[in-house]
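Remarks on the structure that follows.
Side chains are part of it too, since the values below use all heavy atoms of this structure and drop only hydrogens, waters and symmetry mates.
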Amino acid sequence: MAQYSRLEVAAAMKETGMVPLFYHSDVSVAKKVIKACHDGGARLMEFTARGDFAFEIFGQLVKYAQSELPGMILGVGSITDAGAASLYMQSGANFVVTPVFREDIAKVCNRRKVLWSPGCGSLTEIAQAEELGCEVVKLFPGSTYGPGFVKAIRGPQPWTNIMPTGGVSTDEDNLRAWFDAGVTCVGMGSKLISKEIIANEDYKSLQKKVKETLEVIKSIRK
C-alpha cells in the first residue's frame, strides 16, 4: 500500500521540480541508482516498468527505499492498463505514470487515493484527466510539443500542473525554457541517468549530477 497520498506526492513534485526515470532488470543496480538520486537530493523516482517480471524488482525496491532511504517516494511508470496499476499499487507504488490517458487507470488509482499522471497530448485530454481527479498531467512526448505548448495550455488553464517527459535535459537553457513556460516539474531519464554512468558504475557522478540539476531548477524558479 502507498505510504504517501496523492496530495503529498503532488506537493513533492512541485517542491523538488524533478522526477528521475529509470529501469534496470538487475535489482542491485537499481538500488544503487535510487540511492545515488536520493543522496543527490531527489525525493521521487519513477521506475519505468518495461521488462518481464519488473513488478518483482519493484517490490524489492520499495522495501529498500522504505528501510534505507527516508523520504524517498517511489512510483511506477509505463503503465498501460488498470490491472498493471493495481498490481504495482499492491507492491507499494506511491504514484502511477502512464504514456496515455486511460479512464480505467484513473478509477483504480483514485480508489486508493494514489496519484496518477497520464500522458496527454491535447487540451481536451488534459481537461478530461483533470475532471477525473488528475493532479499532475504528463506531457508526452515532451520533445514533440515543447515549452510553447505548455505556455499555450496554461493561458486558458493556469491551474493545470504539467510534467513534460522526453525532450528534457540537464542543460540550463533547456530547463529554463520549460520552467519559464510554467511546468510544475520535469521527468528526466537517460539525459540524467545515462548508459555510461550505469556501465561505469559511476554512482558518485550520478549523485553529483542530480544535485547540480536540482540546484539549477531551484535557481531558475527564484
Side-chain angles (χ1 to χ4, degrees), residues 3-4 8-24 26-48 57-58 60-78 92-95 97 115 117 136 138-140 142-143 147 150 161-222:
Q3 284 191 308
Y4 299 88
E8 289 173 322
V9 174
M13 287 178 170
K14 292 177 184 179
E15 182 179 351
T16 63
M18 182 177 74
V19 180
L21 327 173
F22 177 73
Y23 171 77
H24 202 284
D26 187 329
V27 69
S28 64
V29 171
K31 285 180 178 179
K32 291 172 183 175
V33 168
I34 293 174
K35 185 178 189 308
C37 289
H38 175 271
D39 292 350
R43 288 299 174 263
L44 302 114
M45 169 67 78
E46 176 189 323
F47 181 75
T48 52
I57 299 167
F58 182 76
Q60 295 181 62
L61 296 178
V62 169
K63 293 175 183 177
Y64 171 69
Q66 289 177 353
S67 64
E68 303 294 334
L69 306 175
M72 192 62 164
I73 303 172
L74 198 60
V76 63
S78 298
N94 291 289
F95 60 93
V97 182
L115 181 140
S117 183
V136 180
K138 173 182 177 179
L139 179 63
F140 180 78
S143 56
V150 175
N161 295 313
I162 297 175
M163 174 178 67
T165 301
V168 181
S169 75
T170 58
D171 180 73
E172 182 173 352
D173 288 342
N174 180 274
L175 290 169
R176 186 175 297 280
W178 285 113
F179 282 98
D180 284 352
V183 301
T184 297
C185 63
V186 294
M188 201 178 304
S190 60
K191 299 293 185 181
L192 180 70
I193 308 169
S194 66
K195 292 180 180 179
E196 290 75 21
I197 284 176
I198 304 304
N200 297 325
E201 299 183 5
D202 191 4
Y203 302 112
K204 283 295 182 182
S205 175
L206 175 58
Q207 179 181 333
K208 182 173 181 287
K209 197 171 185 180
V210 169
K211 183 175 184 293
E212 290 174 346
T213 303
L214 289 171
E215 288 174 349
V216 169
I217 291 173
K218 186 176 180 179
S219 69
I220 290 171
R221 285 171 148 182
K222 285 184 179 179

- Ile198 vs Phe22, side chain to side chain contact (heavy atoms under 4.5 Å, CB included): CA-CA, chis, key distance, verdict: CA-CA 11 Å; Ile198 304 304; Phe22 177 73; 3.9 Å; yes
- Item | Exercise: identify the closest heavy-atom pair between Phe179 and Thr184 | CE2-O, 3.9 Å
- Message: For a quick test of reading the model, state the closest non-hydrogen atom pair linking Val150 to Ala181 and the distance between them.
- Response: CG1-O, 3.7 Å
- Item | Ser117 side chain to Val136 backbone, donor-acceptor under 3.5 Å | yes
- Item | side chain to side chain contact (heavy atoms under 4.5 Å, CB included) evaluation trace for Lys218 with Leu214 | CA-CA 6 Å; Lys218 186 176 180 179; Leu214 289 171; over 6 Å; no
- Task: Please report the C-alpha distance between Leu21 and Ile193 in whole Å, then the side-chain angles of each, then the deciding distance to 0.1 Å, and finally whether the side chain to side chain contact (heavy atoms under 4.5 Å, CB included) criterion is met.
- Result: CA-CA 8 Å; Leu21 327 173; Ile193 308 169; over 6 Å; no
- Are the side chains of Cys37 and Leu206 in touch, meaning some heavy atoms are under 4.5 Å apart? yes
- Query: Donor-acceptor pair, Asn94 side chain versus Tyr4 backbone, under 3.5 Å?
  - Reply: yes
- Query: Is there side-chain contact between Met188 and Thr213, with at least one heavy-atom pair below 4.5 Å?
  - Reply: yes
- Message: Run the side chain to side chain contact (heavy atoms under 4.5 Å, CB included) test on Val168 and Met18 for me, step by step, so that the C-alpha distance in whole Å, both residues' side-chain angles and the decisive distance to 0.1 Å come before the verdict.
- Response: CA-CA 10 Å; Val168 181; Met18 182 177 74; over 6 Å; no
- Please answer whether the main-chain N or O of Pro70 pairs with a side-chain N or O of His38 as donor and acceptor at a distance below 3.5 Å. yes
- Euclidean distance, Ile34 CD1 relative to Glu68 CD, rounded to 0.5 Å: 12.0 Å
- Are there more than 12 heavy atoms of other residues, nucleotides or ligands under 6.0 Å from atom NZ of Lys35? no
- Do Lys191 and Asn174 touch side chain to side chain, with heavy atoms closer than 4.5 Å? no
- Note on the structure: Heavy atoms of Met13 and Phe95 approach each other most closely as CE-CD1, 4.2 Å
- Are any side-chain N or O atoms of Arg221 and backbone N or O atoms of Glu15, one a donor and one an acceptor, separated by less than 3.5 Å? yes
- Query: Got Trp178 and Ile162 here, is their nearest side-chain heavy-atom distance under 4.5 Å?
  - Reply: no
- Message: Looking at every heavy atom in both Val183 and Val186, which two are closest together, and how far apart are they?
- Response: CG2-CG1, 4.2 Å
- Inter-residue atom distance Ile73.CD1 - Arg43.CZ, 0.5 Å rounding: 9.5 Å
- Query: Is there a side-chain contact between Tyr64 and Val27 (heavy atoms, below 4.5 Å)?
  - Reply: no
- Message: With rounding to the nearest 0.5 angstrom, report the NZ to CG distance, Lys31 to Asp26.
- Response: 10.0 Å
- Query: Quick one: CG on Leu74 to CD on Gln3, what's the gap to the nearest 0.5 Å?
  - Reply: 10.0 Å
- Taking all non-hydrogen atoms of both residues, which atom of Ser78 and which atom of Thr48 are closest, and how far apart? OG-CB, 3.9 Å
- Message: Less than 4.5 Å apart, side chain to side chain, heavy atoms only: is that true for Phe140 and Val97?
- Response: no
- Message: Within this structure, what is the OG-CG distance for the pair Ser169 and Leu175, rounded to the nearest 0.5 Å?
- Response: 6.0 Å
- Item | Interatomic distance, Glu8 atom CD to Leu115 atom CG [nearest 0.5 angstrom] | 11.5 Å
- Under a 4.5 Å cut-off applied to non-hydrogen side-chain atoms, are Thr170 and Val216 in contact? no
- Query: Are side-chain heavy atoms of Asn161 and Met163 found at a separation under 4.5 Å?
  - Reply: no
- Establish, yes or no, whether a centroid distance under 6.0 Å links the rings of Phe47 and Tyr23. yes
- Which heavy atom of Leu44 sits nearest a heavy atom of Pro20, and at what distance? O-CD, 3.0 Å
